[in-house]
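I have placed the structure first, in the form of structure tokens, so that the comments after it can refer back to it.
Letters A, B, ... mirror the listed sequences (proteins, then strands); counts begin at 1.
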There are 4 protein chains.
Amino acid sequence: MQAKNSTAKQKATRKTGQPSFTESGRRAQIVAAAIDVIAEVGYHRASFAKIAERAGLSSTGMISYHFDGRDDLMREVVTEVMRLADGFVRPRIEVHESYAARLRASIEGNLDLLAEYPNHLAAIVEILGNLRGEDPGMVAFLGTAEANLAVQVEQLRKAQRAGEFCDFDPWVMMRAIRAAIDDVVRRATHDPDLDVRAAGRELADLFDRATRRAS
Amino acid sequence: MQAKNSTAKQKATRKTGQPSFTESGRRAQIVAAAIDVIAEVGYHRASFAKIAERAGLSSTGMISYHFDGRDDLMREVVTEVMRLADGFVRPRIEVHESYAARLRASIEGNLDLLAEYPNHLAAIVEILGNLRGEDPGMVAFLGTAEANLAVQVEQLRKAQRAGEFCDFDPWVMMRAIRAAIDDVVRRATHDPDLDVRAAGRELADLFDRATRRAS
Amino acid sequence: MQAKNSTAKQKATRKTGQPSFTESGRRAQIVAAAIDVIAEVGYHRASFAKIAERAGLSSTGMISYHFDGRDDLMREVVTEVMRLADGFVRPRIEVHESYAARLRASIEGNLDLLAEYPNHLAAIVEILGNLRGEDPGMVAFLGTAEANLAVQVEQLRKAQRAGEFCDFDPWVMMRAIRAAIDDVVRRATHDPDLDVRAAGRELADLFDRATRRAS
Amino acid sequence: MQAKNSTAKQKATRKTGQPSFTESGRRAQIVAAAIDVIAEVGYHRASFAKIAERAGLSSTGMISYHFDGRDDLMREVVTEVMRLADGFVRPRIEVHESYAARLRASIEGNLDLLAEYPNHLAAIVEILGNLRGEDPGMVAFLGTAEANLAVQVEQLRKAQRAGEFCDFDPWVMMRAIRAAIDDVVRRATHDPDLDVRAAGRELADLFDRATRRAS
DNA sequence: GATGAATGAGCCTTCATTCAT
DNA sequence: AATGAATGAAGGCTCATTCAT
């Protein structure tokens with residue numbers, strides 16, 4: 001066993017040797033509750049008390065029992081949402097051949113996902129947007145998100161080398177795309193009437209013009 | 001002004017009949033400290049204790065004395081930064097004639113401002129990004145920021161009508177621009193080596209391509 | 001036995017009609033784990049969670065099942081260690097004739113025991129040293145330890161009456177001896193390099209001089 | 001100002017540049033309450049809640065306000081008691097010339113002190129006896145106690161070199177003395193009828209015989 | 001017998017605010 | 001104006017215990 005505090009998750013993981021998506025029902029339920037609460041009140045106001053209440057638990061102790069602290073829970077939330085997002089968006093991208101079509105699919109796919117899972121995306125944007133250099137485990141986590149972005153940056157670069165995209169700093173472009181999407185996510189949280197799919201098409205058009213090689 | 005009880009600000013306002021930028025020295029000092037602290041640790045972790053310490057005050061009571069609660073202080077911070085930003089960016093825009101040049105000046109101006117006042121922009125992005133529909137006074141405040149944006153949206157619309165810009169949803173475009181700028185602000189907080197002026201030029205190019213009428 | 005509800009121990013006791021040292025394997029295993037944990041982290045920090053972990057149990061519920069609460073477990077630990085200590089030290093004492101030799105054998109025997117079972121003695125010293133007048137069952141227990149001491153006090157008295165020992169308050173002497181030994185036990189916990197047998201010889205010399213009839 | 005948490009004590013200390021015995025009234029009051037509570041229920045059960053109640057405070061937050069955590073409070077308690085003990089015992093020792101008389105004065109002085117301030121000694125024995133290698137600040141503290149002991153050990157050594165004391169390991173002797181005294185302290189906590197001054201005289205006799213050069 | 005989940009109380013800490021001075 | 005003390009709520013976390021399976 002480990003040194004200090006062994007949690008249900010750690011035990012489960014140790015037994016199965018499997019990563020976190022082999023959740024016990026309760027863990028998944030708590031993660032789901034956390035996603036809803038974070039989407040509703042934001043990262044910092046998402047207290048264990050509120051999450052426990054949403055999850056139908058009688059005490060916050062139960063969350064501490066299942067997770068090795070707040071950071072661990074947040075990590076699980078991010079993991080869960082990334083898993084969902086990847087499964088949702090990736091196939092929609094891989095259908096396409098041209099870099100331009102793939103970029104469009106990426107943007108529209110993210111906003112379709114938002115339309116179907118508004119809380120999930122709101123939660124991850126809240127968490128990643130409020131991270132500071134506090135917990136080392138969480139910082140390592142930011143690295144993962146960065147690596148994700150790097151993969152997409154590489155796609156942009158390839159498109160440029162292929163002559164399909166014009167000349168621009170691919171990191172700046174990628175961040176602008178990400179920022180625009182996340183902004184829609186944030187607004188959708190407050191404004192349920194927002195037509196996110198329409199916004200997706202508009203953004204896809206926008207960044208198509210911004211990336212296309214001038215004809 | 002507000003609900004509960006009389007504060008120094010209210011008294012000052014009543015006396016002078018002037019808006020808030022005629023601050024007492026203490027108020028300005030606290031606002032400045034708040035800006036630094038928010039930039040450093042974020043909106044939620046910017047406690048009165050930390051702000052008082054930064055301001056060289058020996059007790060948080062002083063802040064409560066000068067401001068009608070946390071929201072009031074935050075409002076003042078936003079007001080102050082908006083005033084600074086407006087004074088910095090507006091002249092740089094008005095120098096230009098064409099809409100394209102003005103858009104470029106707006107983007108690059110914001111990032112020049114970031115280069116000179118990194119904490120100010122970081123603070124306002126933190127605050128506005130963490131606002132929820134909690135306090136009515138703050139919500140009214142978000143309206144102000146929205147109105148600011150609306151003015152710029154109107155500029156985009158005019159440029160379109162003038163045939164200078166191509167066809168796009170000006171709200172989506174404006175938010176994408178804002179989001180891209182704010183993202184640089186956020187990153188600059190964590191990464192002091194980031195070349196924000198270069199990013200400004202890149203973003204200006206990016207949104208130039210995205211808005212220009214195809215030739 | 002106690003007030004509230006039926007435990008495994010009670011069942012076992014009822015079945016066999018035997019006292020507690022006819023333990024089930026599990027009970028003994030838990031007691032052994034408790035001894036180690038108490039020696040390592042102290043009485044108050046020795047939580048069921050840590051003990052269960054050390055014992056290779058997956059839940060603290062098992063401990064509650066086998067013992068009627070924390071006090072019951074602690075009582076068992078003390079009983080077990082006393083049994084061990086008595087079996088170890090008593091024969092070494094009874095070999096000798098003179099009171100002085102028996103006293104020396106007692107002191108050195110205790111520290112030999114410490115050398116061989118450091119955790120056992122550390123645990124009992126921790127427990128008995130942290131007892132308060134809280135639980136009636138535990139207080140009755142302190143009486144047992146006191147009775148043990150009384151037996152040795154009687155030996156001192158006999159030695160005095162036999163003219164072998166000089167005049168002193170045998171209770172104060174006995175407590176000083178006990179305290180000196182326990183102090184070595186405590187230090188040995190933190191300092192593994194301590195030569196406890198050498199300390200035993202020194203203490204035996206010391207108390208020999210303190211008790212001997214002046215020649 | 002300092003980085004993380006500034007407490008009332010730190011502020012006071014910074015202002016005056018004086019060590020902790022320049023206490024604010026509340027600090028001293030809390031320390032006094034802590035001493036009583038620790039003496040009564042022991043180190044680990046002495047919660048902020050109990051101490052606050054004893055001090056007549058309405059919330060534990062007040063203690064956190066005045067002290068930088070539990071360890072800081074405990075450190076203050078130990079400092080306070082050591083100061084008291086030193087002021088009480090040292091003059092009684094320095095009156096005497098011979099090492100034997102000084103040793104006797106030390107032992108009896110400690111127990112006279114116990115008779116007058118039973119809670120103070122109980123508290124320090126509780127705290128120092130329950131310290132583990134957890135907090136570095138507290139460990140440094142144990143070093144102070146050790147240094148105190150070293151001074152007295154040196155006295156024993158001098159007495160041996162002067163031919164006044166017989167041959168023994170001065171560290172073992174000193175620890176035995178300390179342990180015997182602390183044991184009386186512990187017992188006095190539970191048994192208010194104990195005649196501690198009588199015990200002091202007995203212990204002084206005991207260790208006189210144990211140290212004296214055989215005639 | 002054994003397990004993992006659940007409970008409720010208690011812990012220390014931080015927070016914004018209030019108030020007497 | 002300014003201070004330092006005080007308050008009460010809320011925060012995350014650990015604990016011994018209970019219970020259904």
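- Not a single donor-acceptor contact under 3.5 angstrom links the side-chain atoms of D:Ser47 to the base of E:dC12.
- For the pair D:Asp71 CG and E:dT13 P, the interatomic distance rounds to 8 Å; values are reported in whole Å.
- Nucleotides of DNA chain F nearest to D:Gly56 and C:Ala46 differ in position, and the one nearer the 5' end is that of D:Gly56.
- With rounding to whole Å, D:Met62 atom CE is found 5 Å from F:dA6 atom C1'.
- As rounded to whole Å, 14 Å separates atom C1' of F:dT7 from atom CD1 of D:Ile30.
- Salt bridge present: C:Glu40 and C:Arg54 bring a charged side-chain N and a carboxylate O closer than 4.0 Å.
- Between D:Ser58 and F:dA6 there is no side-chain polar atom (N or O) within less than 4.0 angstrom of OP1 or OP2.
- Taking atom CZ of residue B:Phe67 and atom P of nucleotide E:dT18, one finds them 15 Å apart after rounding to whole Å.
- Taking the nucleotide of DNA chain E with the nearest heavy atom to each of D:Ala49 and B:Gly61, the more 5' of the two is matched to D:Ala49.
- Summarising the geometry, the separation between NE2 on D:His66 and C1' on F:dT3 is reported as 13 Å, rounded to the nearest angstrom.
- Side-chain atoms of C:Ser59 come within donor-acceptor range of the base of E:dG4, with a qualifying N/O pair under 3.5 Å.
- Using the Watson-Crick or G-U wobble rule with both distances under 3.5 Å, E:dA20 pairs with F:dT3.
- Both the sub-6.0 Å distance and the 45° axial angle are satisfied by B:Arg70 relative to the ring of B:Tyr43.
- One can place CD1 of D:Ile63 at 11 Å from P of F:dT7, the figure rounded to the nearest angstrom.
- Spacing between E:dG1 and F:dT21 at atom C1', rounded to whole Å, works out to 12 Å.
- Of the candidates B:Thr60, B:Leu57, B:Val37, B:Thr60 is the only one forming a side chain to side chain contact (heavy atoms under 4.5 Å, CB included) with B:Phe48.
- Comparing F:dG11, F:dA16, F:dT14 against the side chain of A:Lys50 picks out F:dG11 as the nearest.
- The separation between D:Arg26 atom CZ and E:dA20 atom P is 15 Å, rounded to whole Å.
- Between B:Arg132 and A:Glu126, at least one side-chain N (NZ, or NE/NH1/NH2) sits under 4.0 Å from a carboxylate O, which counts as a salt bridge.
- A:Thr60 comes within 4.0 angstrom of a base, heavy atoms only.
- Here the side chain of D:Leu57 is nearest to one of E:dT17, E:dA5, F:dT7, namely F:dT7.
- For A:Ser64, counting side-chain heavy atoms from C-beta on, the closest listed nucleotide (F:dA1, F:dT14, E:dG4) is F:dT14.
- Proximity note for A:Arg70 (side chain, C-beta onward) versus F:dT17, E:dA5, F:dC13: the nearest is F:dC13.
- Checking F:dT18, E:dT13, F:dG12 against the side-chain heavy atoms of D:Phe48 singles out E:dT13 as nearest.
- Nucleotide E:dA9 forms a pair with F:dT14, judged by Watson-Crick or G-U wobble geometry with both contacts under 3.5 Å.
- For the pair C:Arg27 CZ and E:dA2 C1', the computed distance is 16 Å after rounding to whole Å.
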Exercise. Apply side-chain contact (heavy atoms from CB on, under 4.5 Å) to the pair D:Met74 and D:Leu131, showing each step before the final yes or no.
Key: CA-CA 10 Å; D:Met74 293 305 169; D:Leu131 242 40; over 6 Å; no
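- Test C:Glu76, C:Glu80, C:His66 against C:Arg27 for side chain to side chain donor-acceptor pair (under 3.5 Å) and you get one pass: C:Glu76.
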